2 protein chains.
Amino acid sequence: MGRVRISDVAAAAGVSVSTVSLVMNDVESRIPEATRERVRSAAEQVGYQPSSVARSLRTQRTRTVGLISDQIATTPFAGRMLAGAQDVAREHSHLLFLVDTGGDVDIERDAIRALGAQRVDAMIYAAMWHRVLSTPAGLPDDAVFLDCRPAAGGYRSVVPADREGGRAAVRALTEAGHRCIAYIDTNEDAPIAASLRHEGYLEALAEAGIEPDPAWHVAAQTSPQGGRIAAERLLDLPEAIRPTAFFCFNDRMATGVYRAAHARGLDIPRDLSVVGFDDQQFVAAEQDPPLTTVALPHYEMGRWAMEAALGIRAEGEKDAVHHMECPVVRRDSVGPPPAHVGKQNRRRASHTTERSRTATTDR
Amino acid sequence: MGRVRISDVAAAAGVSVSTVSLVMNDVESRIPEATRERVRSAAEQVGYQPSSVARSLRTQRTRTVGLISDQIATTPFAGRMLAGAQDVAREHSHLLFLVDTGGDVDIERDAIRALGAQRVDAMIYAAMWHRVLSTPAGLPDDAVFLDCRPAAGGYRSVVPADREGGRAAVRALTEAGHRCIAYIDTNEDAPIAASLRHEGYLEALAEAGIEPDPAWHVAAQTSPQGGRIAAERLLDLPEAIRPTAFFCFNDRMATGVYRAAHARGLDIPRDLSVVGFDDQQFVAAEQDPPLTTVALPHYEMGRWAMEAALGIRAEGEKDAVHHMECPVVRRDSVGPPPAHVGKQNRRRASHTTERSRTATTDR
DNA sequence: ATGAAAGCGCTAACAC
DNA sequence: GTGTTAGCGCTTTCAT
């Protein structure tokens with residue numbers, strides 16, 4: 001297989017190569033059904049499989065797209081993003097070249113070059129967590145940024161609506177009756193996601209007429225250990241301003257809050273409510289009780305990027321960043337604050353998803 | 001970029017296309033350095049980037065490889081496997097086509113066809129957990145199976161050495177002095193990995209002269225919840241045969257054992273030792289105490305498969321399945337059994353990795 | 001309704 | 001030491 005050429009099919013069918021080409025490509029043509037059938041069975045017979053490379057050379061289109069990412073391996077989210085991109089590619093009969101640069105700039109440069117040499121029809125530049133980064137040299141103007149955006153602008157890009165996600169998360173808390181709500185932040189080099197989620201937190205407090213206490217904002221390592229330490233500090237606050245609810249930068253930190261609570265004999269959600277972020281697989285849903293959190297729309301972002309890259313999306317104008325909504329996933333870690341028991345109705349066991357409001361394109 | 005052809009470079013440098021081709025490909029030839037330099041700068045000048053598609057058509061080699069997998073998204077292990085394959089591909093200047101079939105046989109068939117049409121130099125057929133499966137129709141004879149093997153044989157393949165991994169895991173327990181050791185198995189449709197790990201468990205017990213009690217083998221759902229239920233059943237056993245140590249099919253189930261233990265006020269590892277399997281990211285290392293477990297060598301398997309596919313490995317004969325060693329990762333969940341305290345030295349806090357013995361090629 | 005032939009951009013055998 | 005040229009396998013215009 002692969003060794004048989006179009007001329008072999010032509011010979012077998014007793015027609016010319018152009019006829020074979022016409023029927024193989026279902027070209028609108030007045031070739032009678034009888035001939036078409038003869039060609040098709042001849043092709044089947046000899047095991048003909050058209051060469052995409054020859055076709056690509058001739059048509060100047062390869063039906064391939066290159067996806068360059070910094071880290072495919074080290075994040076648990078990569079998969080769903082790739083799956084989204086890959087699904088769209090497949091739906092449109094395109095094949096996906098995948099390159100993982102590991103964050104190495106030289107490898108990245110080579111990858112862009114190699115993909116260019118392969119004459120891919122489109123390129124996607126993906127980061128494995130929401131970031132703002134400089135534009136790699138050599139990247140074609142019509143490339144699409146996925147889960148990141150270029151500091152200088154000039155490209156289409158899609159990122160999570162972190163601010164709106166943070167707002168929705170904290171709303172779930174204010175709506176349950178909480179007034180003292182902490183934000184457990186990351187202390188790592190200011191990822192854009194962290195500040196956006198913080199802004200959302202502040203907005204939701206403002207909406208509820210709550211004046212945020214500076215003591216409610218504590219930063220720690222992005223790990224269960226970090227979350228635990230932060231929670232302990234918060235739980236040591238004087239009772240008047242002691243938080244009854246925690247909004248965490250991510251789910252891993254939220255698990256640390258669980259540990260701190262258990263160490264003090266506090267029950268979640270009876271004594272303490274907690275909301276995470278990421279809806280991380282094997283983490284959020286598997287806590288006890290299952291963690292209410294905000295999902296990152298990786299699959300949908302992957303789809304969006306590929307649709308934009310393939311020119312399927314009309315709204316994919318240059319220099320526009322699309323914010324993809326982050327739905328809150330309600331599980332069992334949020335209840336009314338301790339003092340309010342009985343006054344509020346509990347919002348438990350509704351394992352459903354509530355869409356946060358936004359999916360906007362700005363700039 | 002991409003619009004300029006080799007003839008443009010030739011014209012710019014005042015030489016023929018063959019000269020350009022020769023220098024671009026660093027062909028062993030007696031072209032003087034002066035000319036080479038002139039050609040190179042002309043190429044640079046006009047922004048020439050050789051077309052891989054034209055070259056592929058001419059040379060009949062594409063320097064691409066196709067990787068087909070059933071599930072890229074839904075498993076936390078996919079990443080490292082892809083990274084291994086991708087790294088080797090890059091080291092040898094190959095590009096990787098990635099196709100995720102989602103387990104759909106029609107998509108799989110189309111993918112094999114499309115990859116064949118692209119004239120990839122090699123194909124890798126990957127599963128996201130160790131399985132035995134039927135050979136997809138149309139798969140080239142020299143394809144390599146990754147983390148799975150064909151029921152019918154006839155292909156090169158690489159899988160984890162689950163049996164040896166299970167043996168090493170249980171050895172860590174017998175060496176700590178345990179005599180009552182349970183195996184918490186999965187009750188899902190008999191994955192090959194589960195039975196191999198069970199065999200390893202039995203071997204390690206035999207080595208230590210321990211007669212396994214049938215009550216020590218309990219199967220449950222592959223989840224924290226399943227692990228918890230299994231552990232509770234085991235902890236209810238009469239004291240004479242009550243296990244002091246648990247070997248779990250995977251890390252998620254091990255976290256369930258932690259919960260069961262905590263619910264009974266049992267301390268790990270003082271009252272109970274536990275060993276998992278998978279070394280799952282964000283799970284094993286982040287337990288409290290960190291979980292001793294057996295690592296699945298996904299990165300190395302990915303590398304091996306690509307090396308075999310590219311013909312770099314001499315030993316890559318057909319019909320051979322390579323078993324890749326699964327190192328035990330010692331963390332803090334294993335100690336001596338309660339009765340032995342003081343008699344044994346504790347094996348804690350040695351966060352190192354011990355290689356299990358095997359990396360064999362059988363059949 | 002079908003066939004002949006040019007040419008996509010490159011490599012490599014062969015000429016000079 | 002460098003140039004000419006024949007394809008690689010296909011699509012597509014133009015003839016017939």
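Order of the sequence lines sets the chain letters (A, B, ...), proteins ahead of strands, with each chain counted from 1. In what follows, every heavy atom counts, from backbone to side chain, and hydrogens, waters and symmetry copies are set aside. Predicted, not measured: the structure shown is a model, and the values here were computed from it.
In this structure, B/Arg58 places its CZ atom 8 Å from P of C/dA13, rounding to the nearest Å. As rounded to whole Å, 14 Å separates atom P of D/dC8 from atom CZ of B/Arg119. Whole-Å rounding puts the B/Ile6 CD1 to C/dA12 P distance at 11 Å. For A/Leu22 and C/dA4, the CG to P distance is 14 Å, given to the nearest whole Å. One interatomic measurement links the two molecules: CZ of B/Arg38 to P of D/dG1, which rounds to 14 Å at whole-angstrom precision. To the nearest angstrom, P of C/dC8 lies 7 Å from CZ of B/Arg5. Rounded to whole angstrom, the span from the CD atom of A/Gln118 across to the P atom of C/dG9 amounts to 16 Å. Counting to the nearest Å, the C1' atom of D/dG9 and the CE atom of A/Met24 are 13 Å from each other.
Ion pairing of A/Glu33 with A/Arg38 is absent here, as no side-chain N (NZ or NE/NH1/NH2) approaches a carboxylate O to less than 4.0 Å. Classification of B/Arg303 and B/Glu307 as a salt-bridged pair holds, one side-chain N sitting under 4.0 Å from a carboxylate O.
Taking for each of B/Gly14 and B/Leu57 the nucleotide of DNA chain D with the nearest heavy atom, the 5'-most of the two is the partner of B/Gly14.
Regarding contacts with the backbone of C/dG3, a side-chain N or O of A/Ser16 is found under 4.0 angstrom from either OP1 or OP2. Note on A/Gln60: every side-chain N or O is 4.0 Å or more away from OP1 and OP2 of C/dG7. Taking 4.0 angstrom as the limit, A/Ser21 places a side-chain polar atom (N or O) nearer than this to OP1 or OP2 of D/dT11. Here B/Thr19 reaches the OP1 or OP2 of D/dG3: one of its side-chain N or O atoms lies under 4.0 Å away.
In the set C/dG9, C/dT11, D/dG9, the nucleotide with an atom closest to the side chain of B/Arg3 is C/dG9. Of the listed nucleotides (C/dG9, D/dT11, D/dT4), D/dT11 has the atom at the smallest distance from the side chain of A/Asn25. Listed nucleotides: D/dG1, C/dG9, C/dT11. Nearest to the side chain of B/Ala54: C/dG9. The A/Pro50 side chain lies nearest to D/dC10 when the options are C/dC10, D/dC10, C/dG3.
Under 3.5 Å, the side chain of A/Thr35 and the base of C/dA1 form no donor-acceptor pair of N or O atoms. Remark: the B/Ser18 side chain and the D/dT4 base include a donor-acceptor N/O pair separated by less than 3.5 Å.
With hydrogens and angles ignored, the 3.5 Å screen pairs a side-chain donor or acceptor of A/Gln49 with a backbone N or O of B/Arg113. Using a distance-only test at 3.5 Å, with no hydrogens or angles considered, a donor-acceptor pair links the side chain of B/Arg156 to the main chain of B/Ala308.
Side-chain contact annotation: B/Asp142 with B/Tyr155, donor-acceptor N/O pair under 3.5 Å absent.
A/Val15 comes within 4.0 angstrom of sugar-phosphate atoms only, judged by non-hydrogen atoms across all strands, and of no base.
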